Amino acid sequence: MYNKFSENLLGELHARLESLSLGELSPVPLLKAQVSAVADALKDLTDFVSAHPPLDTQEEIGYYKFTYPRFKSLIVYYTEYHYFLAGVPESGLKAKKKYYLSRPSAIAAFFEQNTLHYNYFKLDGGMLDELFYTRRDCRNVLQPVVLGYEPFLGTVMSELVSSFLAKERLRNEILALMHSLSGRGPLSSTVVDPLGSLQREFKWTGEDIHLIELVHGIHLTGQVNNGSIGIVELFKVVGNFFGVNLRVPKRGFDDLKARKTMSKTAFLDMMKLAVLKKMDEDDAYDPEKARRRNGF
């Protein structure tokens, strides 16, 4: 019953928020307008629910677990994003990076403080849904303690889930901003990707010709996109990831064919031997492993 109404209401709200973001309001009036827009939509939602009470426990759970937090999280998000932007240093790339790095740490600390409930939220558990997402047992010791943003119109857990959603979105926004400060570099060496996911650094430390040989092998056996990806595009993707200029694919292939003092597939041969050697070592009799396996 609630899905159709809430989806239409949320669509109208997003359109209103987008219109506000494209306007020329200064930060504080913009925040007030955004929070006011969400609060209005939240009032319409709760008025609808009051006029059409949940038909059963599952419908009540669905409302407080999914529907309500989608709206309330917007108030939390816009408020905290405003305060985040207000604290950004006016100058100095190093100072900005340091400030940006401090915020995800604070968000991680918030999740750590609410470990039990955050893990339940992330696992999408169902065992405690009736406790957390209905109003039947508000004083239970397992209920979280929440300091949040008005209006408080949901269960305590749904208010906390709203904060989880908002802080995850805020964290991704901050990580994306950190990525933009880092400038363009090898994909694997960036702190985060454009969507805000954390990345480790991967550097190709072998010879470039070995990577060229490997990429040609991957392409010729059709291992990526069912073989539909072109060799030029594949060279570009792999090269960007490892920060290596793989040059023109044909030139690299010609270099492989031109080998005189070694196998034309030296690197693939080396990989094959390394894998076979590992297999032989694993299959070899080890008295110590046998002793542990047999419990002696």
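On a predicted model such as this, the values are computed, not experimentally measured, just so you know. Position 1 is the first residue of the sequence, and the numbers go up from there.
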Side chains of L256 and T265 in contact at under 4.5 Å (non-hydrogen atoms): no
R135 and T155, any side-chain heavy atoms less than 4.5 Å apart: yes
Shared hydrophobic cluster, M270 / W204 (ILVMFWY, side-chain heavy atoms < 4.5 Å): yes
Q223 atom CD: more than 12 heavy-atom contacts under 6.0 Å: yes
Pairwise distance CD1(I174) to OG(S105) - rounded to 0.5 angstrom: 10.0 Å
Inter-residue atom distance D269.CG - K264.NZ, 0.5 Å rounding: 11.5 Å
F164 and F110 aromatic ring geometry - parallel, tilted or perpendicular at 30°/60° bounds: perpendicular
Step-by-step side-chain contact (heavy atoms from CB on, under 4.5 Å) determination, F121 to N114: CA-CA 10 Å; F121 159 70; N114 295 279; over 6 Å; no
Side-chain donor/acceptor of S6 to backbone N/O of N3, under 3.5 Å: yes
Heavy-atom side-chain contact between F71 and L153 under 4.5 Å: no
Flag, side chain of S19 to backbone of A15, donor-acceptor distance under 3.5 Å: no
Q34 and Y77: side chain donor to acceptor below 3.5 Å: no
Non-hydrogen side-chain atoms of K98 and L101 separated by less than 4.5 Å: no
Transitive ILVMFWY side-chain link I209 to V232, under 4.5 Å: yes
Side-chain donor or acceptor of S73 paired with backbone N/O of R70 under 3.5 Å: yes
Connected via hydrophobic side-chain network under 4.5 Å: L273 and M262: no
Within-4.5 Å side-chain heavy-atom neighbours: R136 and E60: yes
Cationic tip of R103 above Y81 ring, under 6.0 Å, 45° of axis: no
I212 and F253: CA distance, side-chain angles, deciding distance, side-chain contact (heavy atoms from CB on, under 4.5 Å) verdict: CA-CA 8 Å; I212 289 171; F253 196 74; over 6 Å; no
Nearest-0.5 Å distance, CD of residue E213 to NE2 of residue H210: 6.5 Å
Parallel, tilted or perpendicular, as decided by the 30° and 60° cut-offs, for the rings of Y118 and F111: parallel
Hydrophobic cluster membership, L20 vs V28, 4.5 Å side-chain cutoff: no
By ring pair (Phe, Tyr, Trp, His ring centres under 6.0 Å) - contacts of F66 (at least two apart): none
Q143 side chain to D137 backbone, donor-acceptor under 3.5 Å: yes
Short N-O contact, R171 and E80, less than 4.0 angstrom: no
Closest heavy-atom pair and its distance - I229, V224: CG2-O, 3.7 Å
F132/H117 aromatic ring centres below 6.0 Å: yes
Residue pair V248 / F235, side-chain heavy-atom distance below 4.5 Å: no
side-chain contact (heavy atoms from CB on, under 4.5 Å) evaluation trace for D56 with E59: CA-CA 5 Å; D56 52 34; E59 192 167 58; 3.4 Å; yes
Heavy-atom check, side chain of Y78 versus side chain of L17, under 4.5 Å: yes
Polar side-chain atom of H216 near backbone of P249 as donor-acceptor pair, under 3.5 Å: yes
Pair Y64-D129, side-chain donor/acceptor within less than 3.5 Å: no
side-chain hydrogen bond (donor to acceptor under 3.5 Å, both in side chains): pairs with one or both residues in residues 244-253, sequence neighbours excluded: R247-D255, K250-D254
Single-linkage hydrophobic cluster, 4.5 Å side-chain cutoff, L123 and L160 together: no
Straight-line distance of I231 CD1 to L246 CG, nearest 0.5 Å: 9.5 Å
Verdict with reasoning, E12 to R16, per salt bridge (Lys or Arg N to Asp or Glu O under 4.0 Å): CA-CA 6 Å; E12 295 171 0; R16 185 175 173 186; over 6 Å; no
Pairwise distance NZ(K72) to CG(L45) - rounded to 0.5 angstrom: 12.0 Å
Qualifying side-chain hydrogen bond (donor to acceptor under 3.5 Å, both in side chains) pairs, either residue in residues 226-235, two or more places apart: none
Flag side-chain contact, heavy atom, 4.5 Å: R169 against N172: no
Backbone N/O of L128 and side chain of Y120: donor-acceptor pair under 3.5 Å: yes
Separation of T67 OG1 from F5 CZ (nearest 0.5 Å): 11.0 Å
Where P69 and S158 come nearest, the two heavy atoms and their spacing: CG-O, 3.9 Å
P89 to A95 - nearest heavy-atom pair and separation: CG-O, 3.8 Å
Under 3.5 Å donor-acceptor, S21 side chain and E18 backbone: yes
